[in-house]
Amino acid sequence: MRTQVAIIGAGPSGLLLGQLLHKHGIDNVILEARTGEYVLGRVRAGVVEKGTVDMLDEAGVGARLHREGLVHDGTEIAFDGKRHRIDFAELTGKTVVVYGQTEITRDLMDGRAATGGKTIYEAADVSLHDFDGSSPKVRYKKDGKEHELACDFIAGCDGYHGASRRSVPEKSIKTFERVYPFGWMGLLSETPPVSPELIYIHSPRGFALCSMRSNTRSRYYVQCDAGDKTEQWSDERFWNELRARLDEKGRDELVTGPSIEKTIAPLRSFVAEPMRFGRMFLAGDAAHIVPPTGAKGMNLAVSDVHYLSRAFIEYYKEKSSAGIDHYSAKALARVWKAVRFSWWMTSMLHKFPETGEFGEKIQIAELEYLFSSKSAATALAENYVGLPY
Ligand code: FAD
Ligand code: PHB
């Protein structure tokens with residue numbers, strides 16, 4: 001089998017890249033280790049930047065997001081029993097859309113099915129070969145049989161645990177990492193959200209986040225210990241802990257109900273440099289991870305795909321390799337700014353046992369500065385709605 005671009009991974013980055021390349025007549029095949037249902041079962045991102053919305057529109061899959069997504073022109077930050085609003089629209093002229101990653105993935109899968117793009121699900125033992133030369137190949141097993149896919153380029157869109165980044169020789173890659181000493185326990189429930197906007201909560205018991213998927217479906221998170229298991233978090237324990245971290249109004253208005261889904265996410269910042277290795281390119285979580293506090297992970301995956309899709313289009317349409325040559329530097333410049341913002345939001349809002357009373361005082365000063373300075377609030381808002389591509 002032969003294609004122009006072999007894409008590893010059918011998460012948001014792989015599916016979006018496939019769709020954009022198809023629009024420009026560039027042949028591609030996606031290899032995904034799991035089933036489509038499994039990919040759709042992962043409840044993850046909820047906040048979508050305007051740049052991401054534009055990319056989904058460009059790929060022709062934005063219609064449902066425009067119909068069903070909730071436009072948010074601000075967010076609340078709760079601290080010391082009070083809530084403070086950051087007005088994105090007023091401070092930046094921009095807004096975000098609350099629309100689940102699951103729905104984006106579904107729209108991209110439907111888009112791919114409609115255009116007849118080839119996705120091979122349950123591709124096992126995917127391995128990448130010869131990407132330092134001119135004829136890269138990807139090998140995989142499907143239904144017990146070995147297959148080889150020859151291609152011009154490989155796009156490694158296979159997430160943090162994928163095969164692409166791991167196939168790069170150690171001497172050719174440098175990684176930067178910070179692991180946080182806590183995780184997020186997330187719960188999804190068929191209950192109306194506690195408030196029309198998201199609430200990021202700094203409390204003496206730790207961080208909490210009130211988010212949503214629709215006007216009838218809520219997504220909540222509480223900071224938990226790094227080693228916690230979901231079995232230790234009964235619905236009752238979760239709701240009690242969330243209530244204890246909320247302000248009085250939130251406690252009164254919170255509607256609880258049985259969980260539909262519960263997961264624990266570890267928190268980490270991670271960047272691999274560069275993002276190009278000969279004819280292989282990393283995009284999305286395969287190259288970088290941010291803690292979810294800034295709502296940046298999926299949006300960064302999409303901005304990588306913005307640069308990468310244009311690089312391939314330039315290569316095939318204009319016979320220029322300038323886009324390909326500049327991909328890594330361009331993508332990383334935006335990645336590091338999102339890594340900084342996500343680290344800063346995480347540092348300001350979570351309970352860090354090891355930083356002691358000094359650390360707590362600094363957090364309080366940071367929050368008070370944020371609520372008293374329009375410049376500080378604007379800095380948060382312009383990063384949250386998404387820096388320009
Ligand atoms: P993935 O979604 O990880 O997709 C990679 C795909 O590759 C997967 O389908 C995987 O099965 C497949 N794969 C893996 N290994 C192989 C292999 N060897 N061979 C073939 N296929 C393979 N981001 C935001 O922007 N906003 C938010 O509000 C937000 N909230 C989040 C909340 C939580 C709790 C979590 C955990 C994440 C959140 N994120 C958020 C981050 C976001 O979910 C990720 O950044 C995003 O999924 C990255 O997309 P991706 O396509 O690069 O990788
Ligand atoms: C979510 O709705 O899942 C969500 C929202 C904002 C974040 C992280 C996750 O910062």
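Both counts, for ligands and for their atoms, begin at 1 and track the order of listing. Throughout, numbering of the chain's residues begins at 1 and tracks the sequence.
Figure legend: cation-pi geometry between K94 and Y384 absent, as NZ or CZ is not positioned both under 6.0 Å from the six-membered ring centre and within 45° of its axis. The cationic atom of R268 (NZ for Lys, CZ for Arg) does not lie both less than 6.0 Å from the six-membered ring centre of F270 and within 45° of the ring axis. Judged by the 6.0 Å distance and 45° axis criteria, R279 is not positioned over the aromatic ring of F131. R165 forms a cation-pi arrangement with Y160, by the criterion of a distance under 6.0 Å to the ring centre and an angle within 45° of the ring axis. F176 carries K174 over the face of its six-membered ring, with the cationic atom under 6.0 Å from the centre and within 45° of the normal.
Using a 4.0 Å cut-off between charged nitrogen and carboxylate oxygen, D87 and R85 count as a salt-bridge pair. Ionic pairing of D325 and R276 is present here: one or more N-O contacts between side-chain nitrogen and carboxylate oxygen are shorter than 4.0 angstrom.
The single protein non-hydrogen atom nearest to atom 36 (C) of ligand 1 is A265 CB, 4.0 Å, given as residue, atom name and distance. Nearest protein neighbour of atom 4 (O) of ligand 1, counting heavy atoms only, is G11 CA, 3.5 Å. Atom 27 (C) of ligand 1 has A45 CB, 3.3 Å as its closest protein atom, hydrogens excluded (heavy atom only). Protein heavy atom nearest atom 37 (C) of ligand 1, with residue, atom name and distance: R44 CB, 4.1 Å. The shortest contact between atom 45 (O) of ligand 1 and any protein heavy atom is with D285 OD1, 2.7 Å.
Where the criterion is an N or O separation shorter than 3.5 Å, residue side chain and backbone included, R219 fails it with respect to ligand 1. Between W184 and ligand 1, no pair of N/O atoms sits closer than 3.5 Å. For ligand 1, one of its N or O atoms has an N or O atom of Q101 under 3.5 Å away. In terms of N/O distances under 3.5 Å, ligand 1 is approached by E32. For ligand 1, the polar-atom distance check against V39 finds no nitrogen or oxygen pair separated by under 3.5 Å. Of the polar atoms of A286, none of the N or O atoms is found under 3.5 Å from an N or O of ligand 1, judged by distance alone. Between A33 and ligand 1, a contact under 3.5 Å exists for at least one N or O pair.
For the side-chain contact (heavy atoms from CB on, under 4.5 Å) with H202, the qualifying choice from D80, I77, L367 is L367, the only one to do so. Remark: of the listed residues V290, L332, I289, L332 is the sole one forming a side-chain contact (heavy atoms from CB on, under 4.5 Å) with V271.
Close contacts between ligand 1 and G284 involve ligand atoms 52 (O) [criterion: under 4.0 Å to a heavy atom]. Listed by atom number, the atoms of ligand 1 under 4.0 Å from G159 heavy atoms are 3 (O), 5 (C), 53 (O). For ligand 1, the atoms closer than 4.0 angstrom to any heavy atom of R34 are 11 (O). If you number the atoms of ligand 1 from 1 as listed, the ones under 4.0 Å from a heavy atom of G46 come out as 27 (C), 28 (O). Close contacts between ligand 1 and L31 involve ligand atoms 20 (C), 21 (N) [criterion: under 4.0 Å to a heavy atom]. Taking every heavy atom of G162 and a limit of under 4.0 angstrom, the matching atoms of ligand 1 come to 15 (N). Counting atoms of ligand 1 from 1 in the listed order, those under 4.0 Å from a heavy atom of S13 are 50 (P), 51 (O), 52 (O). Taking every heavy atom of P292 and a limit of under 4.0 angstrom, the matching atoms of ligand 1 come to 31 (C), 32 (C).
Ring orientation note: the planes of F281 and Y327 are nearly perpendicular, at an angle over 60° on the 30°/60° scale. Ring orientation note: the planes of F182 and H350 are close to parallel, at an angle under 30° on the 30°/60° scale.
For G186, the closest heavy-atom approach to ligand 1 does not fall below 4.0 Å. Contact analysis puts Y221 in contact with ligand 1, with a non-hydrogen atom separation below 4.0 angstrom. Ligand 1 is approached by P12 to a heavy-atom distance shorter than 4.0 Å. Remark: distances from the non-hydrogen atoms of R42 to ligand 1 include one below 4.0 Å.
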### Query
Where do E253 and K249 land on the salt bridge (charged side-chain N to carboxylate O under 4.0 Å, His left out) test, with the steps shown first?
CA-CA 6 Å; E253 293 176 356; K249 182 170 149 59; 3.4 Å; yes
### Query
Passes ring-ring contact (aromatic ring centres under 6.0 Å, His included), Y220 versus F238? Steps please.
CA-CA 9 Å; Y220 295 108; F238 183 92; 7.1 Å; no
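Summarising the local packing, NE2 of H147 is surrounded by more than 12 heavy atoms from other residues, nucleotides or ligands at distances under 6.0 Å. For K142, the NZ atom counts as densely surrounded, since its 6.0 Å shell holds more than 12 non-hydrogen atoms of other residues, nucleotides or ligands. Around atom NZ of K317, more than 12 heavy atoms belonging to other residues, nucleotides or ligands sit under 6.0 Å away. Around the NZ atom of K50, the shell of radius 6.0 Å holds no more than 12 heavy atoms that belong to other residues, nucleotides or ligands.
When heavy-atom distances to ligand 1 are checked against a 4.0 Å cut-off, D158 comes that close through both its backbone and its side chain. For A163, heavy-atom contacts with ligand 1 shorter than 4.0 Å involve the backbone as well as the side chain.
Residue R217 holds its CZ atom at 12.5 Å from OG of S211, rounded to the nearest 0.5 Å. Remark: W233 CH2 to W239 CH2 distance equals 12.5 Å, nearest 0.5 Å.
Distances from atom 41 (C) of ligand 1 to the heavy atoms of G297, G386, G183, A338 put G297 nearest. The closest heavy-atom contact to atom 23 (N) of ligand 1, among the options M185, M298, E122, comes from M298. For atom 5 (C) of ligand 1, the nearest non-hydrogen atom from the set G14, S127, C157 comes from C157.
Protein residues are said to neighbour a ligand when one of their heavy atoms lies under 4.0 Å from it; for ligand 2 these are R44, G46, V47, W184, L198, Y200, L209, S211, R213, R219, Y221, P292, T293, A295.
P292 and L267 make their closest contact through CD-CG, 3.8 Å (heavy atoms, listed as atom of the first residue, atom of the second, distance).
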